Amino acid sequence: MDGDIQHRQIEGGETEDRAEVKKLFIKTYGCQMNVYDSERMAEAMGAEGYVLTDTADEADMVLLNTCHIREKASEKLYSDLGRLRPLKTAKPDLKIGVAGCVAQAEGEEILRRMPLVDLVVGPQSYHRLPAMAKAAEAGEKTVDTDFPAEDKFDHLPERRPATRAPTAFLAVQEGCDKFCAFCVVPYTRGSEVSRPVDRVLREARALVERGVREITLLGQNVNAYHGAAADGVWGLGRLVRDLARIEGLERIRYTTSHPNDMAPDLIAAHAEEPKLMPYLHLPVQSGSDRILKAMARKHSAEHYLRLVERIRAARPDMVLSGDFIVGFPGETEADFEATLALIRAVDYGMAYSFKYSARPGTPAAEKPPVPADVADDRLQRLQALLGAQQKACQQGMVGREVQVLFEKPGREPGQMVGKSDYLHAVHVAAPPEARGRIATVRIAASGPNSLAGQVTSPLW
Ligand code: SAH
Ligand code: SF4
Ligand code: F3S
């Protein structure tokens, strides 16, 4: 789930009536929550006269929205800052900000290690970014990694009424109380907080008015959602059912879910709500009960397999996706075989797999590691199995009719790319006006990372 995402697609702010236009470059690392946060930060800075640019060279401010999940992800921050040094020397007025989970974890240490940084802002403090940017313009360095009592989303501008991409993220929940023994997220994002129902519905309606047809609800533990409403507290199932009543919103997804929070009502929503898409990311991490216990996952492999059965009973065509860690401290060959067995039993359509990375401050970091060559070998074997399952899932779509929401032009002229209900990218011959529309497509071929097909229903 982590990788570099260059932010290009966000429209700038309402700057026409301002004399001075300043340029902001944002680089986003890590998960979808960071993508969402970058978008909201761009909007907040837009209200201050900043427009987005897609090169650091042109920028007045560079913001690195960082990820701390594995060592490699964190270290990218320091290599990128090193690369910015000549630019800062050539343009001393350039301001550099560090946001996201490394900002939260390392705080002032970042300023000490990298004096070229002007501001460090943690994920719960983004509403304070405009004030921090002003301080930076006045030559003052600031660090804000508080977990304030107020909801940052209440202090960020309303989403602007310009048209935008047909798919959007919407954060409904943040933080994690699970404390898996390997994971930094509970420390970098704080404890679980759900946004009130009316705020979520309002933001969803605003997105749909801007042309959004598909919303992915985000949370570090999105299915632990428990949002305050006028008539009590709503779970994610009820929220999904209510969102589905918004006219013009065609598709709903949510990520990331924890197996212990898949409430019966949410599973039932998959059977009853056609707008809820048949793709579910449900990480399990390992198939060995011994390792699951050491990871403090608080569920067994059997619990997960039975849960998958119940989900598939509700929605037989559900495509499942997962996250796996190999080489967790103490993992034996037998534990690893149990993970392979679980993968064979579930049959994933898609999965992300990682070599365990010891993270400072987490309980597992104290334990002796599995030798690197053993972990490398297991990762290769795991990925071979997951790759074969992914290929088979794609191949199984050939000849079938799926619904595709067109998002953008494809590589070839006259081609558009969209996502199927099952989240597969699909290339189709279609005009640019198809963007934002859903059509029935018969899948004709499966490539390495995408499908190709022909439209079989009239586009409009
Ligand atoms: N909230 C999400 C996961 C967030 S992190 C959830 O519970 O599923 C995304 C994935 O990164 C995790 O599912 C896990 O597979 C992986 N991950 C987290 N910490 C890790 C670590 N220390 N080393 C390797 N992979 C890790
Ligand atoms: Fe991390 Fe576990 Fe929380 Fe997911 S559930 S964010 S893996 S601590
Ligand atoms: Fe990374 Fe923070 Fe997301 S550590 S995965 S950016 S919650």
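Side chains are part of it too, since the values below use all heavy atoms of this structure and drop only hydrogens, waters and symmetry mates. Values in this document were obtained by computation on a predicted structure and should not be read as measured data.
- The two residues L382 and F324 come nearest to each other via the heavy atoms CD2-CB, 3.8 Å.
- If you take OG on S300 and CG on L292, they are separated by 7.5 Å, rounding to the nearest 0.5 Å.
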Intermediate values then yes/no, side-chain contact (heavy atoms from CB on, under 4.5 Å), W234 and D242: CA-CA 10 Å; W234 291 18; D242 217 71; 3.6 Å; yes
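- T66 OG1 to D80 CG: the interatomic distance, rounded to the nearest 0.5 Å, is 10.5 Å.
- One N or O on the side chain of N65 and one on the backbone of N34 form a donor-acceptor pair closer than 3.5 Å.
- Between the side chains of T53 and E58, at least one donor N or O lies within less than 3.5 Å of an accepting N or O.
- Between S257 and L280, the shortest heavy-atom distance links the atoms OG-CD1, 4.0 Å.
- Defined by atom type and a distance below 3.5 Å, a donor-acceptor pair is missing between the side-chain atoms of Y225 and D261.
- Annotation: side chain of V455 is not in contact with side chain of T440 (no heavy-atom distance under 4.5 Å).
- Remark: R290 does not engage E331 in a salt bridge, criterion side-chain N to carboxylate O under 4.0 Å.
- Here the side chain of K298 pairs a donor or acceptor atom with the backbone of K178 at under 3.5 angstrom.
- The distance from atom OH of Y304 to atom CG of N260, rounded to the nearest 0.5 Å, is 12.0 Å.
- Side-chain atoms of L386 and I343, non-hydrogen and from C-beta on, do get closer than 4.5 Å to each other.
- We find that R381 and D376 are not joined by a salt bridge, their nearest charged nitrogen and carboxylate oxygen being 4.0 Å or further apart.
- Of the residues listed (I215, L217, L423), the one engaging R253 in a side-chain contact (heavy atoms from CB on, under 4.5 Å) is L423, and it is the only one.
- Side chains of E412 and H427 form no contact here, defined as non-hydrogen atoms less than 4.5 Å apart.
- Under the 3.5 Å distance criterion, with hydrogens and angles disregarded, a donor-acceptor pair is assigned to the side chains of S353 and Q383.
- V417 places none of its side-chain heavy atoms less than 4.5 Å from the side chain of F406.
- Considering all non-hydrogen atoms of both residues, L84 and A56 come closest at CD2-CB, 4.2 Å.
- Once rounded to the nearest 0.5 Å, the distance linking OG of S38 with CZ of R40 reads 12.0 Å.
- With respect to the salt-bridge test (charged N to carboxylate O, under 4.0 angstrom), the residues D231 and R238 qualify.
- Ion pairing of K419 with E214 is absent here, as no side-chain N (NZ or NE/NH1/NH2) approaches a carboxylate O to less than 4.0 Å.
- With S357 contributing its side chain and R70 its backbone, the two residues share no donor-acceptor pair below 3.5 Å.
- Within 6.0 Å of atom CD in E333, more than 12 heavy atoms from other residues, nucleotides or ligands are found, so the atom counts as buried in its surroundings.
- Salt bridge annotation for E209-R205: absent, with no cationic side-chain nitrogen under 4.0 angstrom from a carboxylate oxygen.
- Put simply, the side chain of S288 never gets that close to the backbone of D335: no donor and acceptor are under 3.5 Å apart.
- Between F354 and Y352, the ring planes are parallel. Angles under 30° get that label, and only those over 60° would be called perpendicular.
- Not one N or O on the side chain of E192 forms a donor-acceptor pair closer than 3.5 Å with the backbone of C176.
- Using bins of under 30°, 30° to 60° and over 60° for the plane-to-plane angle, the ring pair H270/Y254 lands in the tilted bin.
- Y422 is not listed as a side-chain neighbour of M350, based on a closest heavy-atom distance of 4.5 Å or more.
- Side-chain atoms of Q403 and S420 include no donor-acceptor pair closer than 3.5 Å.
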Start with the C-alpha distance between E174 and R195, add both sets of side-chain angles, then the distance that settles salt bridge (Lys or Arg N to Asp or Glu O under 4.0 Å), and finish with yes or no. CA-CA 8 Å; E174 198 164 1; R195 295 177 70 196; over 6 Å; no
Verdict with reasoning, Y348 to L342, per side-chain contact (heavy atoms from CB on, under 4.5 Å): CA-CA 10 Å; Y348 289 90; L342 177 138; 3.6 Å; yes
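- Between the side chains of R251 and T216, no donor-acceptor pair is found at a separation under 3.5 Å.
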Is there a salt bridge (Lys or Arg N to Asp or Glu O under 4.0 Å) between R189 and D177? Walk through the geometry before answering. CA-CA 10 Å; R189 293 279 170 165; D177 296 338; over 6 Å; no
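- In this structure the side chain of C393 reaches within 4.5 angstrom of the side chain of V319, judged on heavy atoms.
- Between V185 and Q220, the shortest heavy-atom distance links the atoms CG1-CG, 3.4 Å.
- With hydrogens and angles ignored, the 3.5 Å screen pairs no side-chain donor or acceptor of Y187 with any backbone N or O of Q104.
- A distance below 6.0 Å separates the ring centres of F328 and Y356.
- Among all heavy-atom pairs drawn from L276 and R315, the shortest one is O-NH1, 3.7 Å.
- The backbone N or O of A375 lies less than 3.5 Å from no partner atom in the side chain of K355, so there is not a single donor-acceptor pair.
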Apply the test side-chain contact (heavy atoms from CB on, under 4.5 Å) to residues L249 and I252: give CA-CA distance (whole Å), side-chain angles for both, the deciding distance (0.1 Å), then the verdict. CA-CA 8 Å; L249 179 60; I252 301 168; 4.0 Å; yes
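- Between atom CD of residue Q394 and atom NE2 of residue H424 there is a gap of 4.5 Å, rounded to the nearest 0.5 Å.
- Looking at M262 and L282, their side chains come closer than 4.5 Å, going by heavy atoms from C-beta outward.
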Can K27 and V62 be said to form a side-chain contact (heavy atoms from CB on, under 4.5 Å), step by step? CA-CA 8 Å; K27 181 167 177 182; V62 170; over 6 Å; no
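- In terms of modelled atom types and a separation under 3.5 Å, the side chain of Q173 and the main chain of L218 share no donor-acceptor contact.
- In K367, the NZ atom is crowded: over 12 heavy atoms of neighbouring residues, nucleotides or ligands sit closer than 6.0 Å.
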Kindly determine whether K293 and D289 satisfy salt bridge (Lys or Arg N to Asp or Glu O under 4.0 Å), including the steps that lead there. CA-CA 6 Å; K293 192 153 189 279; D289 286 341; over 6 Å; no
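- When the shell of 6.0 Å around CD of E337 is examined, it contains more than 12 heavy atoms from other residues, nucleotides or ligands.
- One finds no salt bridge joining D317 and R312 here, because no Lys/Arg side-chain nitrogen approaches an Asp/Glu carboxylate oxygen to under 4.0 Å.
- Note that CD of E106 is 11.5 Å distant from OG1 of T188, once rounded to the nearest 0.5 Å.
- Here the closest heavy-atom approach between residue A444 and residue V398 is recorded as O-CG1, 3.6 Å.
- K408 NZ: 12 or fewer foreign heavy atoms inside a 6.0 Å radius.
- Under the 3.5 Å distance criterion, with hydrogens and angles disregarded, no donor-acceptor pair is assigned to the side chains of H281 and T255.
- In this structure the side chain of R306 never reaches within 4.5 angstrom of the side chain of R310, judged on heavy atoms.
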